[in-house]
Structure formats: structure tokens, C-alpha cells
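Report on the structure given below.
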Amino acid sequence: MQFEVIAKCHTTRARVCRMKLAHGVTMLPTFMPVATQAAIKGLTPQQVESLGITLILNNTYHLNLRPGIKVLDEAGGAHKFQGWNRNLLTDSGGFQLVSLSKFTKITEDGALFASPFNGEPTMLTPEQSISIQHSIGADIIMQLDDVVSSLTVGPRVGEAMHRSVRWLDRCIEQHEKSGRKDKQNLFAIVQGGLDPALRDLCLDAMIERKDQVTGYAIGGLSGGEEKDVFWKIIKQCADRLPSDRPRYSMGVGFAEDLLVCVALGVDMADCVFPTRTARFGVALTFKGPLNLKLGKHTKSMDPIDKSCPCPTCASGMSRAVLHHIVTIETAGAHALTIHNLVFQARVMGGARDAILEGRFPEYLRSFFFDYFGDTG
Ligand code: GUN
Ligand code: ZN
């Protein structure tokens, strides 16, 4: 990876970076849409690329279950398998195991779960997670981490943090011996829950391994904790993580959270929120979310957002027709998904432009003023 800080905001920790990976350049800060099953729900890869999106996320857990590494190896990796020629990041599977399977048991060896196909006990170790991510061939791969809900308290939080550090070492070893270090970039994931002391211990250990990893993620957040605690942990981590490496906050997708994270020095984020909320009929706008299922849109000939350059708004699709079809015709969900991904890209692209032009604080002020003001 080539990583370069291009510009910094003078009053916040926000920055613009250029990240060059094997499948091209991605400018940061950026929001990464989630393509869990090797597809952004509702969109073709060509559509996603045409929106200017250069980095998306796949999930190791899902792709390992189906189609499986045999198919991915035969295809020559997930880029070819899904027809996506730009950058790709894979999450390691740890978080999905915990969030999706009630029967996951974490041991020192790895995560033991019941296969959703045949109920057989199946183990995902750090070594296997990395090896599966090698078959997938993503440009950025994530360590397997021991994830606990951000609402968990007690000794389990510390245990998970220390185990995540030990698992990072096993991931590093598996990655080093693979000969793929020049093509695929391993990121460490800082854990430690909402406890600043545990976060500091995790940061100490993971920063010590700086020469063995390319970038850092902040994990274990966005699980329903109070915002002020979330921001404090993000700030603590972003302040200490090396400034010459990308910083990725996992599972962050609300525009207001993205911008606070950017102001605190975060470069990347991902979340299913914009695509999922689209399928539920909600369009994201600079004046706040717009629920198109509401009856008040029945006769509105306005587009979602007159100033939006997305194909949905530019083509003149009315709020009325979106209201009419949104939950009954799949085209409605596609149209809203396109709009919402362009919205996320405008929020982040607007932040990049503002940082470059030395007016990021004004950008923040006007965003928050519009977003939480009266909706039209
Ligand atoms: N996605 C959201 N949060 C996390 C996390 O803490 N770890 C991983 N691996 N994925 C996540
Ligand atoms: Zn639009």
C-alpha cells in the first residue's frame, strides 16, 4: 500500500489521505459500502463503480460458507468472482460469528460455531480466517478479533482485548508466511470495550506491532453505547494510532457520526445502514432522513434532493413514485440504494474538499445546522 497524508485541518484532527492499493487509488476519508455476499444488495458492480465508489467490503464469514474457498480459488479471488475491479476489504468473520450465531463459543484456539447448513461444530481460527482472506484476495484484510458487545461489562472485555492481541500475532504469522504481503494489507483491530485503560493497553500492544501491519481499525463500538463514550474512545484511539497509517472505525454509518469520526482523525468507515435503510424506504438527505413510505409523499413531484447528482434524482424520479413502489417493486429499493450511497459519498467527498480548502470547521457547522434543522 502507498499511503500519503495530503492535507490536514488546522483546528481538528481531520485529514485527507491518498491510499493506493492493488486495484487503484482511494481518497480518504471514505465510506465503504457493505457487500456482505459479494454484492451490494440491489446493485450491479458496474452501477457501484459508476457512482465513483472505489472501495467496498465483503465478509469472510459469509463467503467462506458460500461459495466457499474452492470456488473462490478457482475464480482467482473475489474480485473476479463478483466482477469488481476496484479495491476490496474483507472483515475477518469474528464480528459476524458473534452477531449472527447464538451458539458461538470462543476458545483460545478460535471461534467454534454451529454450521448454519448442517449444525456441525465448525472452528474458525485466526490462521484460517487469514487463509480464507487470502483465497478471497481482498486488498485489505482484517485480523480475526474477539469481539464483545460494547454493552458488555466485567472481565470478559479485558479477556477479549488480550485475546485479540494474541490472535493478531497468529494472523501476522500466517500472513507473513503466505508471500502475499505485497498484494494484501493486514489491519489490526483495537479492542477494549468502553474502558480507556484497556484501550490503552491494546493500543500499546498493537502499535508495538506497527512494522507487521499496514493499518489499524477501531472495533467493538457502535453497539448501542452512549455517543459521548463512543466519541471519547474514538478520540483516544485516533490520537494514539500512528499518523502514517490509515485509521478505520468499524460499523459507523450515520452521517453525523462519520463527520465526528473524521474530525477526530478517522479515515475509513463502513456500515450496512445506508443500503439497509434504503430497502426500508428511507432516503438520506442533507436535511436528515426522509421516510418515503409516509403518505405525505403521495403527490410530491419533487425528487428526493434537487441538488443530488445521483441517477435517481437526476432522472427526475419523483418522491411520489418512490412512495408508490418502494416496498413493492425492487426498482424502488435499487433507486434509493443508489441515492443513499451517493449521499454517503457526498458527505465524505464534501469533507475531503473542505479539508483541502481549509474550511472543514465551516463544513461541519453547516452540515449539522441543516441536518438537524427543520425538514422540508
Ligand atoms: N464490525 C463492526 N465492529 C467490528 C469489530 O469490532 N470487529 C470486526 N472484526 N468487525 C466489526
Ligand atoms: Zn439522489
Side-chain angles (χ1 to χ4, degrees), residues 32 34 36 51-52 57-62 89-100 104 106 110-111 124 126 129-130 133 138 140-152 157 160-161 163-164 167-168 171 186-194 199 202 206 216-225 230 233-234 237 248-253 257 261 266 268-274 278 282-287 289-290 292 302-319 322 332 334-347:
M32 303 182 283
V34 180
T36 301
L51 302 178
L57 185 145
N58 282 175
N59 276 315
T60 301
Y61 170 78
H62 296 83
L89 179 151
T90 36
D91 196 0
S92 55
F95 178 76
Q96 284 70 36
L97 282 176
V98 176
S99 61
L100 297 176
T104 305
I106 306 289
L124 182 72
S129 173
I130 295 301
Q133 294 185 78
I140 296 175
I141 65 178
M142 305 303 297
Q143 76 156 109
L144 188 70
D145 49 348
D146 185 359
V147 187
V148 293
S149 154
S150 57
L151 303 177
T152 302
V157 183
M161 182 279 283
R163 184 170 288 130
S164 295
W167 283 4
L168 173 59
C171 291
L186 176 64
F187 277 35
I189 307 175
V190 178
Q191 293 292 348
L194 307 179
R199 288 278 171 182
C202 194
M206 291 187 172
Y216 290 92
I218 305 164
L221 296 174
S222 292
E225 69 278 10
F230 165 68
I233 298 289
I234 292 280
C237 295
Y248 161 25
S249 61
M250 309 188 86
V252 175
D257 291 346
C261 286
V266 165
M268 307 155 64
D270 79 286
C271 192
V272 296
F273 166 69
V282 176
L284 303 174
T285 85
F286 286 94
K287 291 184 170 171
L290 192 68
L292 287 158
D302 289 335
I304 299 165
D305 172 358
K306 287 193 185 79
S307 67
C308 177
C310 91
T312 303
C313 295
S315 70
M317 265 182 108
S318 63
R319 293 182 182 194
L322 289 166
H334 303 173
L336 284 184
T337 301
I338 286 174
H339 168 83
N340 283 359
L341 288 184
V342 169
F343 172 77
Q344 299 290 101
R346 288 172 79 201
V347 169

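For ligands, and for the atoms within them, numbers begin at 1 and follow the listed sequence.
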List the steps and the verdict of salt bridge (charged side-chain N to carboxylate O under 4.0 Å, His left out) for Arg319 and Asp305. CA-CA 9 Å; Arg319 293 182 182 194; Asp305 172 358; over 6 Å; no
Verdict with supporting geometry, Phe343 and Phe286, ring pair (Phe, Tyr, Trp, His ring centres under 6.0 Å): CA-CA 8 Å; Phe343 172 77; Phe286 286 94; 4.8 Å; yes
One pair to check against side-chain contact (heavy atoms from CB on, under 4.5 Å): Ile304 and Leu322. What are the steps and the verdict? CA-CA 9 Å; Ile304 299 165; Leu322 289 166; 3.7 Å; yes
Going through the distances and angles, do Ile140 and Met142 end up as a side-chain contact (heavy atoms from CB on, under 4.5 Å)? CA-CA 7 Å; Ile140 296 175; Met142 305 303 297; 4.3 Å; yes
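In this structure, Ser92 has a heavy atom closer than 4.0 Å to ligand 1.
In Gln191, the part holding a heavy atom less than 4.0 Å from any atom of ligand 1 is the side chain. Contacts of Ser222 with ligand 1, taken as heavy-atom pairs under 4.0 Å, are absent altogether. Contacts between Ile189 and ligand 1, counted as non-hydrogen atom pairs separated by less than 4.0 Å, involve the side chain only.
Annotation for Ser92 and Leu124: closest pair O-CD2, 3.9 Å, computed over non-hydrogen atoms.
For Gly220, a nitrogen or oxygen atom sits less than 3.5 Å from a nitrogen or oxygen atom of ligand 1, counting backbone and side chain alike. Considering backbone and side-chain atoms alike, Gln143 places every N or O at 3.5 Å or more from each N or O of ligand 1.
Screening Met250, Gln191, Arg199 for a side chain to side chain contact (heavy atoms under 4.5 Å, CB included) with Ile218, the sole residue that qualifies is Arg199.
For the atom pair CD1 (Ile141) and SG (Cys171), the distance works out to 8.0 Å, reported to the nearest 0.5 Å.
Among all non-hydrogen protein atoms, the one lying nearest atom 2 (C) of ligand 1 is Met250 CB, 3.6 Å. Among protein heavy atoms, atom 4 (C) of ligand 1 sits closest to Phe95 CD1, 3.6 Å. The protein heavy atom nearest to atom 7 (N) of ligand 1 is Asp145 OD2, 2.7 Å.
His339 contributes ND1 as its N, O or S atom closest to the Zn ion (ligand 2).
With a 4.5 Å cut-off on side-chain heavy atoms, Val252 and Cys271 do not count as touching.
The contact set between ligand 1 and Asp91, taken as ligand atoms under 4.0 Å from a residue heavy atom, comprises 1 (N), 8 (C), 9 (N), 10 (N), 11 (C).
At the Zn ion (ligand 2), the angle from SG in Cys310 to SG in Cys308 is 110° when rounded to 10°.
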